Peer 1: 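Sharing a structure below in structure tokens format, with a few things to ask.
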Amino acid sequence: FRMGSERILIVGLNPALQRTVTLPSLTVGTVNRGSSVEIGIGGKGQNLLVASSFQIPDLNLDVQFPNLRLIQFLGSSYEGKALEKMLEDVGGPNALITHHFQGRCRSAITLIDSGKTNGEATEIVEPSQRMSQEDIIAILDKAKEAYPMGAKVRAVAVMGSMPSGCPIGLYGEIIKVTCDENSIVLLDTTVGLPECFQQCSNVGCQVLLKVNARELCAISHLQRGASSEAEEPTPVDLIRLGARHLFEKFPNLSGIAVTDGAFPGYLLTNDSRCWSFSLPPLPSPPVNPIGAGDTVASGTLLRLATGAPLHECFAWGLACGAASCLTNSCATFE
């Protein structure tokens, strides 16, 4: 699998203006005064675009903006305009396929408790504005205009949630419009999975699912337990069981890449192989883990463009995601 200079599309329909506030300590039920604030890019697809900008030169890829493009809804408010300007600074205006709707773009606020050893982060995400039927038609028209017949993408990353009002099959419809049998689809979402897999089957393209352990258990209807990802690792037998369920349910699923916070990640393929990836200690304490999973998706997708085996691609993605935890801004890293 090698993409070369061919097209890569990021589907990030639910962007956010990201505010990161660092506090000496965080106490619920009282006034908390921040020591610093940073305004930046948020949203899973938007984070993938940011993370990709750090890797393309070092991977010697023949992939440049605007061959790597982001399709999104974006509100006409201050938040939307500020976010669009920052995204253009990353990839240039030609990297964006945007439908502007009337209303606010949501904000996401990260509160970092610097008094905790690992810089504990609390994420507050505003609800998105409801999309109209006209907005849905417009975003599909944008995709058709960008990728007419004979100009399909080589890879698509479908990222995160959709704004309210979007039909459950919208991701599948974008896959139908933009992909063919030579495409690969990376799904970093739990929204509309049956519809996505059905469209991929209809088109004949490969599918890779990237999820965290909690999401894998949820979509496989398994009980992970009461503890959080930060407290203890997910048992590998539970991950294998969840993967087996999904491979049986979606026969065209090629592989499942599973992250589990700071604990080992796993790659499982539909020929019953399983790789475990232990994450080495970071060189300094984590600063902000928000956006790390999106960075993993970016690294995995772009490393695929080098022709590397899938397990090496996921290892690279995990390394990028771990590095992103060392900076305050989402999906940025050395």
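The structure presented is a predicted model; accordingly, all values stated were derived computationally and were not measured.
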Peer 1: Give the other cluster members for V28, using side-chain heavy-atom distances under 4.5 Å between Ile, Leu, Val, Met, Phe, Trp and Tyr residues; answer none if it is isolated.
Peer 2: none
Peer 1: If we ignore hydrogens and angles and just use 3.5 Å, is the side chain of K152 paired with the main-chain N or O of V177 as donor and acceptor?
Peer 2: yes
Peer 1: Scan for ring-ring contact (aromatic ring centres under 6.0 Å, His included) pairs involving residues 193-219, sequence neighbours excluded, and state none if there are none.
Peer 2: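 Sorted pair list: F197-F250.
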Peer 1: Donor-acceptor pair, distance only, cut-off 3.5 Å: does the side chain of T189 make one with the backbone of G160?
Peer 2: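 Flag set: sc T189 to bb G160 pair under 3.5 Å.
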Peer 1: Which pair of heavy atoms, one from A292 and one from S324, lies closest together, and at what distance?
Peer 2: CA-OG, 3.4 Å
Peer 1: Return yes if a side-chain donor-acceptor contact under 3.5 Å exists between D113 and S25, otherwise no.
Peer 2: no
Peer 1: Can you pull out every ring-ring contact (aromatic ring centres under 6.0 Å, His included) where at least one residue sits in residues 200-219? Sequence neighbours excluded, please.
Peer 2: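 Every pair satisfying ring-ring contact (aromatic ring centres under 6.0 Å, His included) with a residue in residues 200-219: there are none.
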Peer 1: In a check of side chain to side chain contact (heavy atoms under 4.5 Å, CB included) between N328 and each of I290, T110, I112, which one passes?
Peer 2: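 Answer to the side chain to side chain contact (heavy atoms under 4.5 Å, CB included) test with N328 among I290, T110, I112: I112.
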Peer 1: Under a 3.5 Å distance rule, please check whether R106 uses its side chain to pair with a backbone N or O of P15 as donor and acceptor.
Peer 2: yes
Peer 1: Could you check whether any side-chain N or O of N32 sits under 3.5 Å from a backbone N or O of T30, counting only pairs where one atom can act as donor and the other as acceptor?
Peer 2: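 Answer holds: yes.
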Peer 1: Let me check something: do L68 and M86 share a hydrophobic cluster, defined by ILVMFWY side-chain heavy atoms less than 4.5 Å apart, either directly or through other members?
Peer 2: yes
Peer 1: So, using ring pair (Phe, Tyr, Trp, His ring centres under 6.0 Å) as the criterion, who are the partners of F54 when residues are at least two apart?
Peer 2: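 Listed in chain order: F333.
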Peer 1: Is the backbone of N212 close enough, under 3.5 Å, to the side chain of E215 for a donor and an acceptor to pair up by distance?
Peer 2: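 Yes; judged by distance alone, with no hydrogens or angles, the pair exists.
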Peer 1: Could you pull out all residues at least two apart from H311 that satisfy ring pair (Phe, Tyr, Trp, His ring centres under 6.0 Å)?
Peer 2: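 If we apply the ring pair (Phe, Tyr, Trp, His ring centres under 6.0 Å) test to H311, skipping adjacent residues, the hits are W275.
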Peer 1: Is a donor on one side and an acceptor on the other found under 3.5 Å between the side chain of D135 and the backbone of S132?
Peer 2: yes
Peer 1: Side chains of R19 and S107: do they bring a donor and an acceptor to under 3.5 Å?
Peer 2: yes
Peer 1: Other members of the hydrophobic cluster containing L326, with the 4.5 Å side-chain heavy-atom rule, please.
Peer 2: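 L282, all in the cluster of L326.
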Peer 1: For T300, give me all partners under side-chain hydrogen bond (donor to acceptor under 3.5 Å, both in side chains), at least two apart in sequence or on another chain.
Peer 2: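 Testing T300 for side-chain hydrogen bond (donor to acceptor under 3.5 Å, both in side chains), a comparison that skips the adjacent residues, returns none.
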Peer 1: Give the other cluster members for I124, using side-chain heavy-atom distances under 4.5 Å between Ile, Leu, Val, Met, Phe, Trp and Tyr residues; answer none if it is isolated.
Peer 2: V21, L23, L26, V37, I109, L111
Peer 1: Do N252 and S201 get their side chains close enough for a donor-acceptor pair, meaning under 3.5 Å?
Peer 2: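 No, no side-chain donor-acceptor pair sits under 3.5 Å.
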Peer 1: Are any side-chain N or O atoms of N270 and backbone N or O atoms of L253, one a donor and one an acceptor, separated by less than 3.5 Å?
Peer 2: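 Yes; at least one donor-acceptor contact below 3.5 Å.
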Peer 1: The criterion is side-chain hydrogen bond (donor to acceptor under 3.5 Å, both in side chains); which residues satisfy it with T98, sequence neighbours excluded?
Peer 2: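 If we apply the side-chain hydrogen bond (donor to acceptor under 3.5 Å, both in side chains) test to T98, skipping adjacent residues, the hits are Q72.
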Peer 1: Return the set of residues passing ring pair (Phe, Tyr, Trp, His ring centres under 6.0 Å) with F101 (not counting sequence neighbours), or none when no residue passes.
Peer 2: none
Peer 1: Side chains of L304 and L310: closer than 4.5 Å at any heavy-atom pair?
Peer 2: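 Touching, per the 4.5 Å side-chain cut-off.
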Peer 1: Spell out, as yes or no, whether a donor-acceptor pair under 3.5 Å connects the side chain of T327 to the backbone of T332.
Peer 2: yes
Peer 1: Applying ring pair (Phe, Tyr, Trp, His ring centres under 6.0 Å), name anything that partners Y171, two or more places apart in sequence or on another chain.
Peer 2: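 Applying ring pair (Phe, Tyr, Trp, His ring centres under 6.0 Å) to Y171 gives none.
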Peer 1: Just to verify, what does D180 make a side-chain hydrogen bond (donor to acceptor under 3.5 Å, both in side chains) with, not counting sequence neighbours?
Peer 2: S183
Peer 1: Does the S76 side chain pair with the main chain of G103, one donor and one acceptor, at a distance under 3.5 Å?
Peer 2: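 Confirmed, S76 side chain pairs with G103 backbone.
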Peer 1: When the ring centroid of F277 is compared with that of F314, is the distance short of 6.0 Å?
Peer 2: yes
Peer 1: In the single-linkage hydrophobic clustering (I, L, V, M, F, W, Y; side-chain heavy atoms under 4.5 Å), do F73 and I137 co-cluster?
Peer 2: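 Shared cluster, no.
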Peer 1: Between R104 and E79, does any NZ, NE, NH1 or NH2 come within less than 4.0 Å of an OD or OE carboxylate oxygen?
Peer 2: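 Looking at E79 and R104, the cut-off is met.
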Peer 1: Any donor-acceptor pair under 3.5 Å linking the side-chain atoms of S298 with those of S52?
Peer 2: yes
Peer 1: Can you check whether G242's main-chain N or O pairs, donor with acceptor, with S220's side chain at less than 3.5 Å?
Peer 2: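 Answer holds: yes.
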